[in-house]
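One structure below.
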Number of protein chains: 4
Amino acid sequence: MARTRSEDARQRILDAALRRARAEGYGKLTIDAIAAEAGVGKQTVYRWWRSRAEVVLEALRENARTIPWDEKGNLEADLRAFLRATFRYASGKESTAPVLRGLMAEAQLDPAFLPHFRVFIEERRQILRQLLLRYASKASEVTVDMIFGAMWYRMLVGHGKLDVRFADTLALLAARQVLCPDRSETLCSKR
Amino acid sequence: MARTRSEDARQRILDAALRRARAEGYGKLTIDAIAAEAGVGKQTVYRWWRSRAEVVLEALRENARTIPWDEKGNLEADLRAFLRATFRYASGKESTAPVLRGLMAEAQLDPAFLPHFRVFIEERRQILRQLLLRYASKASEVTVDMIFGAMWYRMLVGHGKLDVRFADTLALLAARQVLCPDRSETLCSKR
Amino acid sequence: MARTRSEDARQRILDAALRRARAEGYGKLTIDAIAAEAGVGKQTVYRWWRSRAEVVLEALRENARTIPWDEKGNLEADLRAFLRATFRYASGKESTAPVLRGLMAEAQLDPAFLPHFRVFIEERRQILRQLLLRYASKASEVTVDMIFGAMWYRMLVGHGKLDVRFADTLALLAARQVLCPDRSETLCSKR
Amino acid sequence: MARTRSEDARQRILDAALRRARAEGYGKLTIDAIAAEAGVGKQTVYRWWRSRAEVVLEALRENARTIPWDEKGNLEADLRAFLRATFRYASGKESTAPVLRGLMAEAQLDPAFLPHFRVFIEERRQILRQLLLRYASKASEVTVDMIFGAMWYRMLVGHGKLDVRFADTLALLAARQVLCPDRSETLCSKR
DNA sequence: AGCTAACCGAGACGGTACGTCCCGTCTTGCA
DNA sequence: TGCAAGACGGGACGTACCGTCTCGGTTAGCT
């Protein structure tokens, strides 16, 4: 019965949010600035999103092209391709990594945002989980944690780059972990 | 010639900061509140620290008892002990995890804080690195990333607990990864 | 062309406006609230009136029963009756005074409303003017100003009540002023 | 012990408030604009005043030069002089009248402001009351209401000017009313 | 033993962003 | 096809904290 939501305003808000988050850093992003840049009243932002984090998350989702990678026929190669593509997406010239870091930060500071962020994270986990399942009878959640954990850890702490070398090493170690005979470690003694 | 720094004020500030960070969440922590709770002027906080994050980091360092763990004689067991102890520290009744999450968040939003936090992180990495070096001729940085990465990832996203089961699985997989013969994965074909 | 509903909506709007103005005070009255309470779209309010003030003014006019008073045969008595009736209207249980105060306020803040309000005021002046003309060859506009001025002044500032005593004193003084020989004051010397 | 209130900021706020109230009309005055023009944070305004009305009232008090008038030796002449001076103050080139009208309006819309405004009004009443007491054994509060009431009524409704003619007529009628023998009106019959 | 400079608690300051309220206009879909 | 419903762009509100500054009072440690 009432006027319907303006898809135009929605797009302008999402665009403005992502543009400014990339330009000035997520930390400097403000709702005021998003609304101003989108040419929108602040209320129109608050009507549909609860916080800058939710706006940016939705913008990112909208924006995120599915990352494609070639299937190579063995676990390590596939992982390598997947991680290379993923890292390229994060570190590319559109620099998504800083935005992701901002969202992860917000998820820590704003309890209301964490569940939304968790859903986003789970979507990515699912992709990796299915990749692993092609080669292992059952994928360990912990393996997923280790792969994505390593990626996020580097991205957040910044002690190492998300480059091809890291992708390849990660792929190698993860594959070795998955495919290794279960008790091989018992053969090893302390040096 | 001049009056010297008040050690008493310093302690009260650190205590107040950690107490309130634990009580109300790091996100709700403000310098005003720290100063008020410590019975201290705001200037006294700003005279010695640059931000709430630095106060809390120092408080955490002061507070952190070194985590001891028994040495078991093989990599997996040692890792298991180390991780169990670490998780117990984070998730224990003093709930340090939320504070750590807050600091990680701040490191993303405040570029000036990131280097300080990175030092803190590096200290922990060094401990784990040396543990690994007891069993492997050279420890892969990526293995460290995967272990701590998995831990932080779970802590930050909250999709799984930092419990004994997780510690044990992580230890198992990490050990397997380290000790597995290098090319074992080539034996595996796609399912 | 379905104007059938219009008159109904008009009445509901006027009723809602006056009801809420009396209930919560004119200052808290909003167009949104009027429309909601009337079960009407905001546009329907704006179609017929320019502001909340015009709605309330019209509601008041609609509502205002002509104040009757007995004619007594001399100026003071007539004034007394007129003022008693007027004050009773303003201060009565329906408490019109607060609404009148609100309209006077709006007339100060909204230049577009002032002319409308002035017409309303002039209507009341005309009644008093004609009362005076029954006893004086020509009624002084200033006398009207003094009588209604005193009333409004008390109503607005609230330093005294609009009670019977005030009505009577006002009637006495006004009558004295009107009927007094013109130069009587020259006989008086400073005390 | 703490930093003391800045007299400089206080003056800048009062000046800015009065300047803008006069320039753009009291109705268009905003706290934001006052703070901006004064070069002050909004909080500094709110720390010392509750609303724009209180700021403007204080500014007016600070600014109001005592209105002097010559004493003439009889009531009518004195009143004439007093009212002429008062009207000149209100209607003069600094146009205080619009500001006074704004304050009167605010007193109607903001219950918290009314008491403050009443004090201001009472101060003016006291001056007039004492003028009357020079010529009458006891000054009627109602006479004061009628004189100031007439002035405010004209100022607010704007149906007539606050000019010399009005001042003189008001003085004449008020004097007549005060000095007239009490029962003179009984001599008059209805026309 | 007294000076004096730096520190102390307190909190006012100029400022930014918040999230809310309401304005007056515009748009939709139902009756 | 007129109207209720309510989304829209906009502007001001009053609040919360930021990081800096000023205040009077308190100590140390050098003369």
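Note that the coordinates shown come from a computational prediction; the quantities given were computed from them, not determined experimentally.
Here the P atom of nucleotide E:dT28 and the CG atom of A:Asp8 are 12 Å apart, to the nearest Å. Residue B:Glu106 contributes atom CD, which lies 13 Å from atom C1' of F:dC18 at whole-angstrom precision. Per the geometry, CG belonging to A:Asp110 stands 13 Å off C1' belonging to E:dG19, to the nearest Å. In this structure, B:Ile13 atom CD1 and E:dC8 atom C1' are separated by 10 Å, rounded to whole Å. The nearest whole Å value for the distance from the CG atom in C:Leu109 to the P atom in E:dC22 is 17 Å. Summarising the geometry, the separation between CD on D:Glu7 and C1' on F:dT22 is reported as 16 Å, rounded to the nearest angstrom. Straight-line distance from the CZ atom of B:Arg10 to the P atom of E:dG9: 14 Å, rounded to whole Å.
Ranking F:dG9, F:dC8, F:dC3 by closeness to the C:Thr44 side chain, first place goes to F:dC3.
Among residue pairs with one or both ends in residues 100-118 of chain C, those qualifying as salt bridge (charged side-chain N to carboxylate O under 4.0 Å, His left out) are C:Arg52-C:Glu106; sequence neighbours excluded.
Mapping B:Val40 and C:Ala33 onto DNA chain E by nearest heavy atom places B:Val40 closer to the 5' end of the strand. The 5' end of DNA chain E is approached more closely, in terms of each residue's nearest nucleotide, by B:Gly39 than by the other of D:Arg5 and B:Gly39.
Taking side-chain N and O atoms only, D:Trp48 has no distance below 4.0 Å to OP1 or OP2 of E:dG11.
Counted by atom type alone, C:Gln11 and C:Glu62 present one or more donor-acceptor pairs between their side chains at under 3.5 Å.
Using a distance-only test at 3.5 Å, with no hydrogens or angles considered, a donor-acceptor pair links the side chain of B:Gln108 to the main chain of A:Leu156.
Interface remark: the D:Arg3 side chain does form a donor-acceptor pair with the F:dC21 base, using a distance-only criterion of under 3.5 Å.
If you take CG on C:Leu60 and CG on C:Leu100, they are separated by 5.5 Å, rounding to the nearest 0.5 Å. Note: D:Arg47 CZ to D:Ile13 CD1 = 9.5 Å, rounded to the nearest 0.5 Å.
At a threshold of 4.0 angstrom between heavy atoms, the contacts of D:Arg12 are confined to the sugar-phosphate backbone, with no base atom among them.
Put simply, the residue from C:Arg22, C:Arg20, C:Lys28 that forms a salt bridge (Lys or Arg N to Asp or Glu O under 4.0 Å) with C:Glu24 is C:Arg20.
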Please write out each protein N/O paired with an N/O of nucleotides 14-17 of chain F under 3.5 Å, distance rounded to 0.1 Å.
residue: F:dG14; atom: OP2; partner: D:Tyr46; partner atom: OH; Å: 2.3
residue: F:dG14; atom: O5'; partner: D:Tyr46; partner atom: OH; Å: 3.4
residue: F:dG14; atom: N7; partner: D:Lys42; partner atom: NZ; Å: 2.8
residue: F:dG14; atom: O6; partner: D:Lys42; partner atom: NZ; Å: 2.7
residue: F:dA16; atom: N7; partner: D:Gln43; partner atom: NE2; Å: 3.4

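Salt bridge present: B:Glu7 and B:Arg10 bring a charged side-chain N and a carboxylate O closer than 4.0 Å.
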